[in-house]
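Report on the following structure.
The chains referred to below are lettered A, B, ... by the order of the sequence lines, with proteins before strands, and numbering in each begins at 1.
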Amino acid sequence: MCIMSSNAELARLFTEMAAVMELTGENPFRIRATEKVARTLEDLTLDVSTLVDEPKRLVAIEGIGEGSAQRIVEFLRTGRIAEHDELLAKVPKGLLAVLGVPGLGPKTVKLLWEKGGVTDLASLKEALDSGTIEKLPRMGEKTVQNIRESLDFMSKSSSRMRLGEAMPLAEEIVAHLSASANVERVDFAGSLRRGRETIGDIDILASAKRPSAASKAFTSMGDVQKVLASGETKSSVRLKSGVQVDLRLVDDEAFGAALLYFTGSKEHNVALRELAVRKGYRLNEYGLFPDDDDPSPPQSRGVRPVAAAKEEDIYRKLGLPWCPPEMREDRGELALKKIPKLIELDDIKCELHAHTTASDGRLSIEELAAEAKRRGFHTIAVTDHSRSSVQANGLSPERLREHIEEIRRVAARTKGIAILAGSEVDIHADGSLDYDDDLLAELDIVVASPHASLRQEPAKATDRLVRAVKHPLVHILGHPTGRLINAREGLHPDMDKVIAAAVASNTALEINANYLRLDLRDHHVRSAVDAGALVAINTDAHSTDHFDFLRYGVMTARRGWLTGERCVNAWSSTRLREWLESKRPSARSRTVAAAGGSAKKGRSPRKARADR
DNA sequence: GCCGTTTTCGGCCCGACTGTTTTCAGTCG
């Protein structure tokens, strides 16, 4: 059985159909609609194969109409889509890769194919080497050279950059430009500001008294390898590391409009502009303008914008609340009358997944607690690896018992922060845990995580995770899929089933904030939030600097619309304790006795005496 | 192909930059 889910496979087929349609010159709106279906399928956490007999529910999904629903059902029943086969028969298979070369769009690829005999990347290279390409129309010296460099770049560069790699780089560039005396405002935008798990290129926005000087400061930065474009308002460079950085220079009065435009997502912007048109406006990167039926750009005719300086102003004029960047993906955010109060970095009050030198961490218990205290946390959980994680020096039951004693001793003499004795317990391939229940019951907190058998079939992975989540002594499901961004696929469970089990058993699902993981991923968080599940945001710290990863976990959480109310790390120590103890039978009976009533799972009966 | 408190038909976002052009097509975001 294939590891890939029906959703992912279908998304691939629709993406390919859209690409071929571009090459055959299909109606662009039809192409856009097909691309949207692909994107919708990618984001969907619901497994479409469960809807094979319910086409009406398919059509109810925004972006999927009658036609696509039929094709999806066709695929689910027969394993193929006839239209996909027909379309792909129209062009050489390798031509789709040529479409992926930066600078080459459908028109040029079509020309290269029909007039230049190019059918794939290899024949494109041959055409470049033999010089036949220069005989084609609109193929001047520069264009040919650019294609050559793009191919060269493609062969050397890897995939998109990870969030945690791009962020420090962007902050460095922002600092560099801020230091330039004539720059008024500068900020990063794009997918970085939206907190996507990977970043294609870094977008920087600036206003300056002398734009040309600012542009010069940008293109002459130390590690610029090639200036890709350099205009009045827009410049692009490629750094030696291979990252592309775009700078957009704008008037300070229009900074908000530009920030909105440059932050995206493209889909959010398109939806916003469509809304603007319906309300009698025109929206571009210079502002929101009254629509006067003149097709030329309003700002070039001296038309005054009704809003431009701040993003908030533009949203307000359109009748919308300001939308946090992480939500701007055209996934329903524009239909909201009120934006939920998303979790913020400052809301996080504890770390519930961290390692010490007992397993593979670099800090002692004291050092770990000191760092957590320095960060203003009320609680730190010591959760070293369990015995099966041999490569991480996982603890045998005997060593864990000693470790618990040691943690208790350190906790007793440490003031100002609660130190919990915990474990990150391996979830075996069958869903059983790496320690016996009597040992697990001695721990204050149990994080159960998959570490091995990460290529098992989706159905088995689902059963495995559901079993772990339902285990009465487990508090948190750690990095649920085990994926590593750009490196390892990880498990493909039916996440809706795992989430449903988590809700039923009051177990939290972790967003592992390490930028290599970010697991749960954003749309899984969204499904968890929609289902009412508890979510934890942990850094999985192995050293002090790992605590800095928290921001990436929070951004991922915000992309999934998580609020502080559903995030266990944002709770007061009292409420956290009650939840932890609700999964400790002996302790719970004490709690019940003390409270003189029933301590209902997951609820905080004494929310009033919150933070202390 | 999708969608609808203006519409079930007729719309569907907007501008900058490049390169090859004599006024614009193609690509990108």
Taking atom [atom1] as the centre, does [X] end up with more than 12 heavy-atom neighbours from other residues, nucleotides or ligands that are less than 6.0 angstrom away?
| X | atom1 | value |
| --- | --- | --- |
| A:E114 | CD | yes |
| A:Q145 | CD | yes |
| A:R301 | CZ | yes |
| A:E171 | CD | yes |

Value in whole Å for how far the [atom2] atom of [N] lies from [atom1] of [X]:
| X | N | atom1 | atom2 | result |
| --- | --- | --- | --- | --- |
| A:L260 | B:dG15 | CG | P | 14 Å |
| A:R248 | B:dA16 | CZ | P | 6 Å |
| A:K234 | B:dG15 | NZ | C1' | 7 Å |
| A:L259 | B:dG29 | CG | P | 18 Å |
| A:L228 | B:dA16 | CG | P | 19 Å |
| A:L111 | B:dT20 | CG | C1' | 13 Å |
| A:E62 | B:dC3 | CD | P | 6 Å |
| A:K107 | B:dT20 | NZ | P | 18 Å |

Mark yes or no for a side-chain to base donor-acceptor pair under 3.5 Å between A:Y261 and B:dG29, with no hydrogen or angle criteria applied. yes

Among [options], the one nearest [X] by side-chain distance:
| X | options | answer |
| --- | --- | --- |
| A:S68 | B:dG15, B:dC17, B:dC2 | B:dC2 |
| A:R138 | B:dG1, B:dC12, B:dG19 | B:dG19 |
| A:F29 | B:dG26, B:dC12, B:dC17 | B:dC12 |
| A:Q299 | B:dG15, B:dC17, B:dC2 | B:dG15 |
| A:A33 | B:dC2, B:dC12, B:dG15 | B:dC2 |
| A:R30 | B:dG19, B:dT27, B:dG1 | B:dG1 |

Which of residues 279-288 of chain A have a heavy atom under 4.0 Å from DNA chain B? A:R282, A:L283, A:N284, A:E285, A:Y286

Stretch residues 162-174 of chain A: residues that reach within less than 4.0 Å of DNA chain B through a heavy atom: none

Side-chain touch A:S191/A:R160, heavy atoms, less than 4.5 angstrom: yes

Looking at [X] and [Y], does any basic side-chain N land under 4.0 Å from a carboxylate oxygen?
| X | Y | value |
| --- | --- | --- |
| A:E9 | A:R12 | yes |
| A:D129 | A:K125 | yes |
| A:R328 | A:E311 | yes |

Rounded distance in Å between the [atom1] positions of [N] and [M]:
| N | M | atom1 | result |
| --- | --- | --- | --- |
| B:dA25 | B:dT21 | P | 13 Å |
| B:dC14 | B:dT20 | P | 30 Å |
| B:dG11 | B:dA16 | C1' | 26 Å |
| B:dC28 | B:dT22 | P | 23 Å |
| B:dC12 | B:dT7 | C1' | 13 Å |
| B:dT8 | B:dC3 | C1' | 9 Å |
| B:dG19 | B:dT23 | C1' | 14 Å |

Does A:G63 or A:V144 map to a spot on DNA chain B nearer the 5' end, using the closest nucleotide for each? A:G63

Closest-nucleotide mapping onto DNA chain B: is A:P298 or A:V59 further toward the 5' terminus? I mean the 5' end. A:V59

Indicate whether OP1 or OP2 belonging to [N] is found under 4.0 Å from a side-chain N or O atom of [X].
| X | N | result |
| --- | --- | --- |
| A:S236 | B:dC17 | no |
| A:R278 | B:dT7 | no |
| A:N146 | B:dG19 | yes |
| A:K266 | B:dG29 | no |
| A:T108 | B:dT27 | yes |
| A:T143 | B:dT18 | no |

Could you tell me whether [X] contacts a base, only the sugar-phosphate backbone, or nothing, with contacts defined as non-hydrogen atoms closer than 4.0 Å?
| X | value |
| --- | --- |
| A:I31 | nothing |
| A:P102 | sugar-phosphate |
| A:D203 | nothing |
| A:P28 | nothing |

Within 45 degrees of the ring normal and closer than 6.0 Å to the centroid, is that where the cationic atom of A:R185 sits relative to A:F255? yes

Drop me the distance from A:F218's CZ to A:L249's CG, to the nearest 0.5 angstrom. 9.0 Å

Do any side-chain atoms of residues 85-108 of chain A form donor-acceptor pairs under 3.5 angstrom with protein atoms, and if so which ones, sequence neighbours left out?
residue, atom, partner, partner atom, Å
A:D85, OD2, A:R80, NE, 2.9
A:D85, OD2, A:R80, NH2, 2.6

Which one is paired to B:dT8, where only Watson-Crick or G-U wobble pairs with both distances under 3.5 angstrom count? none

Check: A:M327 main-chain N/O paired with A:R559 side-chain donor or acceptor under 3.5 Å: no

Syn/anti state of B:dT5 by chi, 90° boundary around 0: anti

Does the plane of the ring in A:Y552 sit parallel, tilted or perpendicular to the ring in A:Y515? Use 30° and 60° as the thresholds. perpendicular

